[in-house]
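The structure under discussion appears below in the form of structure tokens.
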Amino acid sequence: QVQLVESGGGLVQPGGSLRLSCTASGTIFSTDAMGWYRQAPGKEREFVAIIHIGTSTNYADSVKGRFTISRDNAKNTVYLQMNSLKPDDTAVYYCNVQRSRWPNVLNYWGQGTQVTVSS
């Protein structure tokens with residue numbers, strides 16, 4: 001079992017910063033990809049960032065240059081540092097773990113943490 005719990009969300013002003021954390025209660029392997037998705041009201045869940053083995057990363061165009069994803073496998077934790085936040089960043093942010101079991105891929109999700117960017 002992999003259970004994920006997000007934390008660090010809250011209310012911030014435009015231009016502010018937040019750091020989200022996601023801690024797994026189960027075992028996370030170094031080969032697991034760990035990422036963040038978000039869902040704004042009335043919209044589909046969208047990709048935000050992912051970090052793979054070797055710490056290679058990918059980001060959505062909307063957050064490039066503002067968000068940074070990192071992980072600490074010893075702590076079973078993935079982080080999302082969010083800077084220069086915009087009102088459009090308002091969403092529920094979900095942690096994701098992707099585990100490859102050839103030829104299948106398993107996905108695990110947290111319950112989400114609310115991020116609200118407003119003045």
Side-chain angles (χ1 to χ4, degrees):
Q1 292 183 330
V2 176
Q3 294 179 312
L4 307 174
V5 179
E6 302 95 337
S7 63
L11 174 64
V12 297
Q13 298 182 42
S17 298
L18 282 175
R19 189 180 75 156
L20 305 183
S21 298
C22 172
T23 299
S25 61
T27 300
I28 300 298
F29 306 115
S30 61
T31 52
D32 291 339
M34 306 184 73
W36 290 93
Y37 291 69
R38 67 187 183 187
Q39 187 168 22
K43 297 183 178 180
E44 288 285 303
R45 186 175 299 183
E46 66 176 352
F47 166 78
V48 175
I50 193 166
I51 184 165
H52 304 273
I53 185 173
T55 68
S56 63
T57 58
N58 292 316
Y59 296 92
D61 288 342
S62 59
V63 306
K64 285 181 179 178
R66 300 188 298 119
F67 290 10
T68 302
I69 188 171
S70 61
R71 65 192 290 177
D72 186 337
N73 289 327
K75 297 180 179 179
N76 281 0
T77 300
V78 62
Y79 305 95
L80 185 68
Q81 178 66 47
M82 305 185 295
N83 299 324
S84 301
L85 284 162
K86 306 174 181 179
D88 285 348
D89 294 319
T90 297
V92 177
Y93 284 71
Y94 296 92
C95 180
N96 168 257
V97 170
Q98 186 177 98
R99 178 170 296 168
S100 295
R101 293 289 182 269
W102 182 263
N104 300 316
V105 177
L106 304 178
N107 281 283
Y108 303 91
W109 298 92
Q111 295 193 48
T113 184
Q114 177 71 49
V115 172
T116 302
V117 184
S118 176
S119 59

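The chain is numbered in sequence order, starting from 1. Atoms considered below: every heavy atom in the structure, side chains included; atoms not considered: hydrogens, waters and symmetry mates.
Here the closest non-hydrogen pair linking Y94 and G110 is CD2-O, 3.4 Å. Taking every heavy atom of both residues into account, S119 and P14 meet most closely at N-CD, 3.7 Å. When all heavy atoms of E6 and C95 are compared, the closest pair comes out as OE2-N, 2.8 Å. When all heavy atoms are compared, the tightest approach of R66 to L85 is NH1-CA, 3.9 Å. When every heavy atom of S84 is checked against every heavy atom of S17, the shortest pair comes out as N-OG, 4.3 Å. Residues T113 and G9 share a closest heavy-atom pair of OG1-N, 3.3 Å.
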Before giving the answer on side-chain contact (heavy atoms from CB on, under 4.5 Å), spell out for D32 and R71 the whole-Å C-alpha distance, their side-chain angles and the decisive distance to 0.1 Å.
CA-CA 11 Å; D32 291 339; R71 65 192 290 177; 4.3 Å; yes
Give the C-alpha distance, both sets of side-chain angles, the deciding distance and a yes or no for side-chain contact (heavy atoms from CB on, under 4.5 Å) between R38 and S62.
CA-CA 12 Å; R38 67 187 183 187; S62 59; 3.4 Å; yes
Please report the C-alpha distance between K75 and T23 in whole Å, then the side-chain angles of each, then the deciding distance to 0.1 Å, and finally whether the side-chain contact (heavy atoms from CB on, under 4.5 Å) criterion is met.
CA-CA 8 Å; K75 297 180 179 179; T23 299; over 6 Å; no
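Ion pairing of D89 with K86 is absent here, as no side-chain N (NZ or NE/NH1/NH2) approaches a carboxylate O to less than 4.0 Å.
Using a 4.5 Å cut-off on side-chain heavy atoms (C-beta onward), Q114 and L11 make no contact.
Surrounding CD of Q111 are at most 12 heavy atoms belonging to other residues, nucleotides or ligands under 6.0 Å away.
Put simply, Y79 and V2 are part of two different groups of oily side chains (I, L, V, M, F, W, Y) that touch within less than 4.5 Å, one to the next. Linking ILVMFWY residues whenever their side-chain heavy atoms come closer than 4.5 Å, directly or via other members, places V12 and L20 in the same cluster. V78 and V92 sit in two unconnected hydrophobic clusters of ILVMFWY residues. Membership requires side-chain heavy atoms under 4.5 Å apart, directly or through other members. If you chain together hydrophobic residues whose side chains sit under 4.5 Å apart, V115 and V63 fall into the same group.
Note: F67 and Y93 have tilted aromatic rings, judged against thresholds of 30 and 60 degrees for the angle between ring planes.
Residues forming a salt bridge (charged side-chain N to carboxylate O under 4.0 Å, His left out) with R45 (at least two apart in sequence, or on another chain): none. In this structure, D88 has no salt bridge (charged side-chain N to carboxylate O under 4.0 Å, His left out) partners at least two apart in sequence or on a different chain. For Y108, the ring-ring contact (aromatic ring centres under 6.0 Å, His included) criterion is met by no residue, not counting sequence neighbours.
Q81 and N83 share a side-chain donor-acceptor pair at under 3.5 Å. Side-chain contact, S25 with Q3: a donor N or O sits under 3.5 Å from an acceptor N or O. In this model, no donor atom of one side chain and acceptor atom of the other lie less than 3.5 Å apart for T116 and T90.
Considering CG of L80 and OG1 of T68, their distance stands at 8.0 Å, rounded to 0.5 Å. If you take CD on Q39 and CD on E46, they are separated by 9.5 Å, rounding to the nearest 0.5 Å.
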What donor-acceptor contacts under 3.5 angstrom involve side-chain atoms of residues 48-59, with partners at least two apart or in another chain?
from	atom 1	to	atom 2	distance (Å)
Y59	OH	I69	N	2.9

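Alongside W102, the hydrophobic cluster contains no other residue (criterion: ILVMFWY side chains under 4.5 Å). The hydrophobic cluster around V5 extends to none of the other residues, as no ILVMFWY side-chain heavy atom falls under 4.5 Å of it.
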